[in-house]
Engineer: 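Just dropping this structure here.
Both counts, for ligands and for their atoms, begin at 1 and track the order of listing. Just so you know, these numbers use all the heavy atoms, side chains as well, and skip hydrogens, waters and symmetry mates. Note that the structure is predicted; figures quoted are calculated from it, not measured.
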Amino acid sequence: MLTVAVLISGAGSNLRALLDAVADPGFPASVVAVGADREADGFAHAEDFGIPTFLVPWESYSSREEWGAALGEQLDVWKPDLVVLSGLMRLLPASLVEAWAPRIINTHPAYLPEFPGAHGVRDALAAGVTQTGASVIVVDTGVDTGPILAQERVPVLPDDDEHSLHDRIKPVERRLLIDVVHRIATGDLDLAAESTP
Ligand code: GAR
């Protein structure tokens, strides 16, 4: 059974979908803890499933490095096989990424390498593209530059705003994320091999 820790910052709708998926006894992974950099609404989903949560408040630390060290201490408590960034809106310090690589993956609401960063949906709209997408990647020390594990196109419709487009992307992200976690758990997807240049 693959053990997973999930890190969030917001509503946690993708976390919810993952928790629903792993609740199936036939799913070969389990979520052992959910962490966040702020009092995230998504903690409620973890509580619904009786999953422990931990908070490492960004504002309580004077540097990214110190915050990342505290986050790493929490992850060391749970020692998950895999860390999923599911809407964590902070960059991890390189020291933490390097300590866990290649076992941290991230979902992103764009077809990487298009529109990396914190505003993937807004940036796609601003660029006037007719299609964007969703991606699941291995986290490296860059901003959304790691190896792509899965991605799929999503059309941009003429009347889309950031909200409507993001709402259409998220179900695709969820499907990709659940599939990637499943494939990692079965050994079908080897993160080390995916991360070898
Ligand atoms: C998701 O679309 C995720 O890809 C995005 O935040 C959303 C979280 O939604 N993450 C990023 O943009 C990271 N650069 P949720 O809290 O409802 O799951």
Side-chain angles (χ1 to χ4, degrees), residues 4-23 29 31 33-49 51 53-58 64 67-68 71 82-94 96-97 100 104-127 129 131-157 160-181:
V4 181
V6 184
L7 302 180
I8 60 171
S9 293
S13 62
N14 290 352
L15 161 69
R16 177 77 196 200
L18 183 62
L19 291 172
D20 284 336
V22 303
V31 175
V34 173
D37 61 319
R38 54 184 289 266
E39 277 290 357
D41 290 345
F43 274 150
H45 301 305
E47 284 151 18
D48 285 349
F49 285 81
I51 291 166
T53 60
F54 60 85
L55 177 61
V56 185
W58 171 259
R64 184 178 309 280
W67 171 75
L71 189 57
L82 180 71
V83 178
V84 174
L85 309 188
S86 186
L88 180 74
M89 300 307 282
R90 302 275 177 202
L91 289 180
L92 300 177
L96 186 62
V97 172
W100 283 82
I104 309 178
I105 65 172
N106 182 37
T107 68
H108 185 73
Y111 199 87
L112 292 169
E114 300 169 6
F115 311 116
H119 306 292
V121 180
R122 191 186 306 171
D123 292 346
L125 275 175
V129 293
Q131 53 177 1
T132 180
S135 305
V136 179
I137 62 170
V138 178
V139 172
D140 68 6
T141 54
V143 179
D144 297 323
T145 50
I148 294 165
L149 300 172
Q151 62 184 168
E152 194 172 306
R153 284 291 185 188
V154 175
V156 180
L157 302 182
D160 264 336
D161 58 17
E162 191 175 342
H163 189 76
S164 64
L165 180 55
H166 206 166
D167 272 357
R168 195 155 354 91
I169 292 170
K170 278 187 175 185
V172 178
E173 272 188 80
R174 290 170 196 149
R175 183 161 41 73
L176 296 180
L177 174 63
I178 291 164
D179 181 58
V180 164
V181 171

Engineer: Residues in side chain to side chain donor-acceptor pair (under 3.5 Å) with Asn106, at least two apart?
Structural biologist: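 Listed in chain order: Asp144.
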Engineer: Check whether any side-chain heavy atom of Arg168 sits under 4.5 Å from a side-chain heavy atom of Val156, and report yes or no.
Structural biologist: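 In short, these two side chains do not touch, never coming nearer than 4.5 Å.
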Engineer: Give every pair formed by an N or O atom of ligand 1 and a protein N or O atom closer than 3.5 Å, one pair per line with both atom names and the distance to 0.1 Å, or write none.
Structural biologist:
{"residue": "ligand 1", "atom": "2 (O)", "partner": "His166", "partner atom": "NE2", "Å": "2.6"}
{"residue": "ligand 1", "atom": "2 (O)", "partner": "Glu173", "partner atom": "OE2", "Å": "2.6"}
{"residue": "ligand 1", "atom": "4 (O)", "partner": "Thr107", "partner atom": "O", "Å": "3.3"}
{"residue": "ligand 1", "atom": "4 (O)", "partner": "Thr107", "partner atom": "OG1", "Å": "3.4"}
{"residue": "ligand 1", "atom": "4 (O)", "partner": "Glu173", "partner atom": "OE1", "Å": "2.4"}
{"residue": "ligand 1", "atom": "4 (O)", "partner": "Glu173", "partner atom": "OE2", "Å": "3.2"}
{"residue": "ligand 1", "atom": "9 (O)", "partner": "Lys170", "partner atom": "NZ", "Å": "3.0"}
{"residue": "ligand 1", "atom": "14 (N)", "partner": "His108", "partner atom": "ND1", "Å": "3.4"}
{"residue": "ligand 1", "atom": "14 (N)", "partner": "Gly117", "partner atom": "O", "Å": "3.2"}
{"residue": "ligand 1", "atom": "16 (O)", "partner": "Ala11", "partner atom": "N", "Å": "3.4"}
{"residue": "ligand 1", "atom": "16 (O)", "partner": "Gly12", "partner atom": "N", "Å": "2.7"}
{"residue": "ligand 1", "atom": "17 (O)", "partner": "Ser13", "partner atom": "N", "Å": "3.0"}
{"residue": "ligand 1", "atom": "17 (O)", "partner": "Ser13", "partner atom": "OG", "Å": "2.5"}
{"residue": "ligand 1", "atom": "17 (O)", "partner": "Lys170", "partner atom": "NZ", "Å": "2.7"}
{"residue": "ligand 1", "atom": "18 (O)", "partner": "Ser13", "partner atom": "N", "Å": "3.1"}
{"residue": "ligand 1", "atom": "18 (O)", "partner": "Asn14", "partner atom": "N", "Å": "2.9"}

Engineer: List for me each residue that meets side chain to side chain donor-acceptor pair (under 3.5 Å) alongside Thr53, sequence neighbours excluded, and say none if there are none.
Structural biologist: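 Applying side chain to side chain donor-acceptor pair (under 3.5 Å) to Thr53 gives none.
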Engineer: Are Val136 and Ile105 side-chain neighbours, meaning at least one heavy-atom pair lies under 4.5 Å?
Structural biologist: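 Yes, at least one pair of side-chain atoms sits under 4.5 Å.
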Engineer: Checking Arg38 now: which residues fulfil salt bridge (charged side-chain N to carboxylate O under 4.0 Å, His left out) with it, not counting sequence neighbours?
Structural biologist: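 Listed in chain order: nothing, the list is empty.
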Engineer: For Arg64 and Leu91, indicate whether the former's side chain and the latter's backbone hold a donor-acceptor pair under 3.5 Å.
Structural biologist: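 A pair under 3.5 Å: yes.
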